[in-house]
Amino acid sequence: MGNCLHRVKPSLSLSRNSSQWDFGNSTWDDFYNESYTFDYNEEMEAAAPCHSCNLLDESSLPFFILTSVLGILTSGAVLFALLRPLFHWQLCPGRLVLAQLVVGSALFSIMVPILAPGLSSAHSATMCHLGYWVWYGSAFAQALLIGFHACLGPKLRAGQSSRLILGLTVGLWGVAALLGLPITLASDTSRGFCTLASSRGMGALQSTHAVVCFVVFILLPLGLLGAKGLKKALGLGPGPWVNILWVWFIFWWPHGILLGLDTLLRSRLLVFSTCLAQKVLDLLLHLAEVLAILHCVATPLLLAVFCHQATRTALPSLPLTARQASHLDTFGDKSKPASHPST
């Protein structure tokens with residue numbers, strides 16, 4: 001996946017003692033007289049001393065497609081189990097919130113091939129904007145839903161479908177859609193690929209996006225943990241509910257940190273003294289993106305483990321009649337003899 005062994009040789013140089021550009025054995029005058037076409041940005045990029053390898057290129061297309069298919073299949077299976085009374089998952093606390101979490105993971109899985117390198121013929125400006133908007137909008141929504149689920153905690157009861165909870169979660173989706181607008185407006189198509197625009201006016205949007213990622217993926221879970229510790233220290237209650245769903249943030253923590261670091265470098269607020277440090281950062285950015293993409297496969301699995309643990313502990317605490325009713329709703333009443341028509 002990717003080609004990190006390819007080394008780009010400088011193709012453009014500027015002599016210290018002359019104001020002429022040197023293209024091999026030709027001068028600028030010769031280059032101009034022969035009427036060559038010259039892309040300034042492309043040549044300057046190739047001549048850059050720090051040219052990092054590209055881990056996610058056309059060769060990584062199978063990874064994107066496989067991850068998308070697995071994410072869609074696992075999300076569909078878990079969503080079916082949540083909406084239908086299978087394996088007693090109707091007793092899973094906060095089932096309405098968890099179902100929306102699976103929907104967010106499924107939306108992300110669908111968008112993975114759109115932003116995958118190697119499908120240049122399928123890329124357009126509209127699809128590129130839509131891909132980035134759903135990509136990050138669904139990720140922000142999942143983070144906010146996990147925080148919402150943690151704050152309500154044990155207050156969420158099995159089968160609860162309050163209009164208040166539904167309204168709040170819809171509001172979270174609206175907030176997530178707004179948070180995804182900066183990166184959507186900063187995206188563009190270049191040579192058939194979805195990229196971020198490099199114009200000066202887009203720098204503010206990209207910086208805003210980096211700040212949003214840092215707040216949602218880093219500060220949100222840290223704030224919830226701080227609130228839990230503070231409430232426990234003051235004896236005010238258990239605080240936010242920490243469970244296996246919080247593993248989700250591990251898939252996005254590196255992305256939020258490295259994206260913020262890259263933004264500081266691009267804004268010249270932080271400067272690396274060596275070329276190796278820049279290359280390492282570029283490689284880590286690609287690895288963090290790979291880890292973030294894999295969350296669409298891990299999220300349904302985390303939900304399945306959470307519901308299995310929650311229902312396993314909830315069933316013994318239910319009264320016998322409630323457990324029998326739950327069993328009958330799920331598997332049907334097989335204890336009653338079949339009625340035969342009277343003759």
Side-chain angles (χ1 to χ4, degrees), residues 1-18 21-24 38-64 67 112 115-118 132 135-136 139 182-183 186-188 190-191 193-200 202-219 222 249-295:
M1 185 168 61
N3 185 7
C4 294
L5 300 178
H6 176 67
R7 182 179 180 182
V8 179
K9 296 181 179 180
S11 60
L12 181 64
S13 62
L14 179 63
S15 175
R16 294 184 179 178
N17 300 325
S18 174
W21 294 95
D22 183 13
F23 298 86
F38 172 59
D39 189 343
Y40 179 82
N41 292 328
E42 179 181 356
E43 294 298 327
M44 287 300 293
E45 181 181 358
C50 291
H51 193 85
S52 301
C53 64
N54 191 8
L55 185 63
L56 298 177
D57 56 7
E58 292 86 347
S59 63
S60 60
L61 180 59
F63 163 75
F64 283 86
T67 304
V112 166
L115 298 182
Y132 271 107
W135 178 292
Y136 280 101
I183 191 63
S187 61
D188 198 2
S190 176
R191 302 176 185 176
F193 296 97
C194 285
T195 58
L196 297 181
S198 58
S199 60
R200 294 182 178 179
M202 297 300 176
L205 292 175
Q206 297 181 22
S207 299
T208 303
H209 171 69
V211 172
V212 171
C213 289
F214 185 80
V215 171
V216 175
F217 299 144
I218 307 299
L219 296 185
L222 291 180
F249 287 104
I250 296 179
F251 290 89
W252 286 96
W253 275 345
H255 183 74
I257 294 176
L258 294 173
L259 189 63
L261 183 60
D262 183 67
T263 302
L264 293 178
L265 288 172
R266 294 180 182 275
S267 59
R268 304 296 182 182
L269 296 178
L270 181 65
V271 179
F272 280 160
S273 58
T274 62
C275 183
L276 179 60
Q278 179 65 55
K279 291 183 177 181
V280 170
L281 176 61
D282 293 338
L283 181 60
L284 290 178
L285 278 170
H286 284 282
L287 292 176
E289 185 176 352
V290 170
L291 184 63
I293 293 173
L294 290 176
H295 96 275

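Values below: all heavy atoms of this structure, side chains included; hydrogens, waters and symmetry mates excluded.
- Looking at residues two or more places apart in sequence or on another chain, you find a side chain to side chain donor-acceptor pair (under 3.5 Å) between Gln278 and Asp282.
- Between the CH2 atom in Trp253 and the CZ atom in Phe217 there is a gap of 12.5 Å [rounded to 0.5 Å].
- Qualifying side chain to side chain contact (heavy atoms under 4.5 Å, CB included) partners for Leu258, counting only residues two or more places apart in sequence or in other chains: Leu281, Leu284, Leu285, Ala288.
- Within the structure, ring-ring contact (aromatic ring centres under 6.0 Å, His included) pairs that include any residue of residues 261-288 do not occur (at least two apart or interchain).
- By the side chain to side chain donor-acceptor pair (under 3.5 Å) test, His255 is found to be paired with Tyr136, residues two or more places apart in sequence or in another chain being considered.
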| said: As a quick check of understanding, evaluate side chain to side chain contact (heavy atoms under 4.5 Å, CB included) for Phe63 and Ile293, giving each step before the final call. | reply: CA-CA 10 Å; Phe63 163 75; Ile293 293 173; 4.3 Å; yes
Can you give me every donor-acceptor pair (side chain of residues 261-271, partner residue at least two apart or in another chain, under 3.5 Å) with its distance?
residue: Asp262; atom: OD2; partner: Arg266; partner atom: NE; Å: 2.7
residue: Thr263; atom: OG1; partner: Leu259; partner atom: O; Å: 2.8
residue: Ser267; atom: OG; partner: Thr263; partner atom: O; Å: 2.9
residue: Ser267; atom: OG; partner: Leu264; partner atom: O; Å: 3.1

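- Annotation for Val112 and Phe64: closest pair CG1-O, 3.4 Å, computed over non-hydrogen atoms.
- Applying the side chain to side chain contact (heavy atoms under 4.5 Å, CB included) rule to Val215 yields the partners Val211, Leu219; only residues at least two apart in sequence or on another chain are considered.
- Listed here is the closest heavy atom pair of Leu291 and Phe251: O-CD2, 3.2 Å.
- Heavy-atom minimum distance, Ala186 versus Gln206: CB-CG, 4.0 Å.
- One N or O on the side chain of Ser60 and one on the backbone of Asp57 form a donor-acceptor pair closer than 3.5 Å.
- Here the CD1-CH2 distance, from Ile183 to Trp135, works out to 11.0 Å after rounding to the nearest 0.5 Å.
- Annotation: the span from His295 atom NE2 to Thr67 atom OG1 amounts to 11.5 Å, rounded to 0.5 Å.
- For the pair Ser187 and Tyr132, the tightest heavy-atom approach, listed with the atom from each and the gap, is CB-CD1, 3.3 Å.
- Looking only at side-chain heavy atoms (C-beta outward), Pro117 and Leu61 stay at 4.5 Å or farther from each other.
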